[in-house]
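Let me begin by presenting the structure, written as structure tokens, before commenting on it.
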Amino acid sequence: MSESQPEASRVVLDEEEIARALMRMAHQILEANRGAEGLVLIGIPTRGVVLAERLAKAMSEVEGASIPTGALDITLYRDDLRRNPTRAVGHTAIPVSIDDAVVVLVDDVLFSGRTVRAALDALGDLGRPRAVRLAVLVDRGHRQLPIRADHVGKNLPTAANERVSVRLAETDGVNEVTIARGPEKTADGAAVAGRQGGEER
Amino acid sequence: MRHLLSAADLDLKAISSILDLSEEMSTVQDRPVKKLPALRGRTVVNLFFEDSTRTRSSFEIAGKWLSADVINVSAKGSSVSKGESLRDTVLTVAAMGVDALVIRHMTSGAPWQASQWIDAQVINAGDGTHEHPTQALLDAFTLRRHFRRTDPALSDFSGKTVAIVGDLTHSRVVRSNVLLLQTLGARVILVAPPTLLPSGVESWPAEVSTDFDAVIGSADAVMMLRVQRERMSGGYFPTAREYTVGYGLTRARLGRLREGAAICHPGPMNRGLEISADAADAANSLILNQVAAGVAVRMSVLYHLLGGADDNPGVTS
């Protein structure tokens, strides 16, 4: 297959590898926090919430204590609202006060960093955490903002026009991360295209 | 959605989308920072040609909590009191570069007319005896929450009966509510003395009765309407006492409501006339819930109209 032809998607993480990556991240988060004390896991819908729940389950198995998990919809904090049709807003549910907590933001793919910036703004309106950490299943690079993840399942060097898709059993019926060559677009074009259900943004 | 002029502008999907987002918006009230950045850089003008407290304030708070710049213009103290026409006022305000006009006017159709003159989006905040779509939305929001207490999966109002009782002729709320409730699948029964039934009511998508006592036992919600004495030029009923006996939600009628049936009133209330103090303050009275819902619902409406690009084709997922 030549470079210019569309490429079929290739699996970069299968079910076992996702489970292993999440278990490793769970241990890393607990180690960095010296236990589960004061931790709150907050996922960015949709797949970030599923991953936060899986991480919390793994961490509670290690620590024997349940870790509060929530969801933080960032739609209203996006910097490209005026560029697109009105977006549907998802659900935000923060189970406990985040004041003085160590909040771990969880998302599936880290790309431009704009989603994380929006999430940081949204968190600031909900309270004042002691610290905010970032955990992502896949870091595919191409950052447009000075943001980095603290805990990464897999670093995946990509081209700007490649599409990374995270599919999870709870939302998609299958656990896998795939990569495929997408339509040609600039890194910025890809970033403003928005969250496209389990794909990069 | 380009404008919100009538409840008829909204299909079931749009209503559900507005009510679902209203649920999210209602949580803003409990936050330490009551502010979302969604409408940053947008300007909303509340153009009120008629007195209002709750509607104007809730539109103002809704716009501000979404970070829009909100300006209030009322007829009193503005050029309107110097004789400026509706058209000139609307064009003047729109020429200042506003994104949306929230219009209340004593003449039916004024917001629609305004929407023909300007590019800005127009929201009808009550026009004459015609419509008040955001009031109907907040009534639906309040009722949906009430019904979901016993049926959490409830998505529309199929199987529910709502009785709207009182001064139908002078009410703008009733028209919007009939349209919205009907779209949501509810059975709507309109109850009023024959003198307060609007002409053409038989063509509305609702049943009509002049006997409140015959209807009250079948309603899952009763919506009492204010007797709008200020809009009445003639004698629509002999005495206030007689009206109360026939059509008021009295203490006696309160006892004949279905268990758990909701009591609504768009306010302001004439206590002792269309609604007794017992009914207004009853455990199943949702009147204050309606007021509280106003801000969340109007935030949702403003976001649906102004939240995206200027050529807004509606909400996408």
Side-chain angles (χ1 to χ4, degrees), chain A residues 40 42 44-47 49 70-101 103 114-130 132 171-172 189 192-199 201, chain B residues 1-4 10 13-43 62-69 99-100 121 123 152 296-297 299-317:
Chain A
V40 181
I42 294 181
I44 298 173
T46 311
R47 288 160 189 81
V49 178
L72 180 68
D73 185 78
I74 54 95
T75 308
L76 297 170
Y77 291 83
R78 297 181 62 103
D79 59 9
D80 62 349
L81 277 178
R82 295 281 292 270
R83 291 183 174 212
N84 295 290
T86 308
R87 290 173 184 279
V89 176
H91 184 51
T92 292
I94 308 295
V96 292
S97 168
I98 58 166
D99 286 339
D100 295 320
V103 171
R114 288 173 187 267
T115 297
V116 177
R117 181 213 57 80
L120 291 170
D121 281 354
L123 272 183
D125 286 353
L126 293 168
R128 188 182 181 281
R130 179 152 51 90
V132 182
T171 49
D172 313 287
V192 298
R195 299 181 66 85
Q196 297 172 352
E199 294 167 359
R201 70 220 64 141
Chain B
M1 195 163 61
R2 178 86 181 96
H3 306 287
L4 179 55
L10 303 169
K13 191 175 162 218
I15 296 168
S16 300
S17 176
I18 291 171
L19 299 189
D20 289 345
L21 181 58
S22 302
E23 286 287 355
E24 288 300 315
M25 293 298 187
S26 68
T27 63
V28 173
Q29 206 161 349
D30 305 321
R31 294 179 175 201
V33 179
K34 295 179 180 60
K35 206 82 168 168
L36 295 166
L39 298 190
R40 205 155 51 91
R42 302 281 200 184
T43 305
K64 285 180 172 169
W65 284 3
L66 286 170
S67 301
D69 294 303
D99 296 291
Q121 280 149 302
I123 300 172
V297 168
M299 285 174 81
S300 176
V301 166
L302 286 172
Y303 176 73
H304 275 78
L305 283 174
L306 296 171
D310 290 331
D311 52 343
N312 183 349
V315 176
T316 59
S317 53

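Lettering follows sequence order; numbering is per chain, from 1.
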Report the distance from atom [atom1] of [X] to atom [atom2] of [Y], rounding to the nearest 0.5 Å.
| X | Y | atom1 | atom2 | result |
| --- | --- | --- | --- | --- |
| A:Thr86 | B:Leu305 | OG1 | CG | 8.0 Å |
| B:Leu36 | A:Thr75 | CG | OG1 | 11.0 Å |
| B:Glu24 | A:Leu76 | CD | CG | 9.0 Å |
| B:Lys35 | A:Asp125 | NZ | CG | 10.0 Å |

query = Between B:Arg40 and A:Arg82, what is the shortest heavy-atom contact and its length?
reply = O-NH1, 3.9 Å
request  = Grab the two heavy atoms, one from B:Pro32 and one from A:Gly127, that are nearest each other, plus how far apart they are.
outcome  = CG-N, 4.2 Å
ask   = Among B:Arg42, B:Glu23, B:Met25, which residue forms the greatest number of heavy-atom pairs with chain A at distances under 4.5 Å?
value = B:Arg42
inquiry  = Let's test your reading of the structure: which of B:Pro37, B:Ser17, B:Ala38, B:Ser67 forms the most heavy-atom pairs below 4.5 Å with chain A?
reply    = B:Pro37
For chain B, the option from A:Asp99, A:Ile94, A:Asp121, A:Thr92 that forms the most heavy-atom pairs under 4.5 Å = A:Thr92
query = If you tally heavy-atom pairs under 4.5 Å against chain B, which of A:Gly90, A:Gly124, A:Ala122, A:Ala93 wins?
reply = A:Gly90
query = For B:Lys34, does the NZ atom sit with more than 12 other heavy atoms under 6.0 Å from it, leaving out its own atoms?
reply = yes
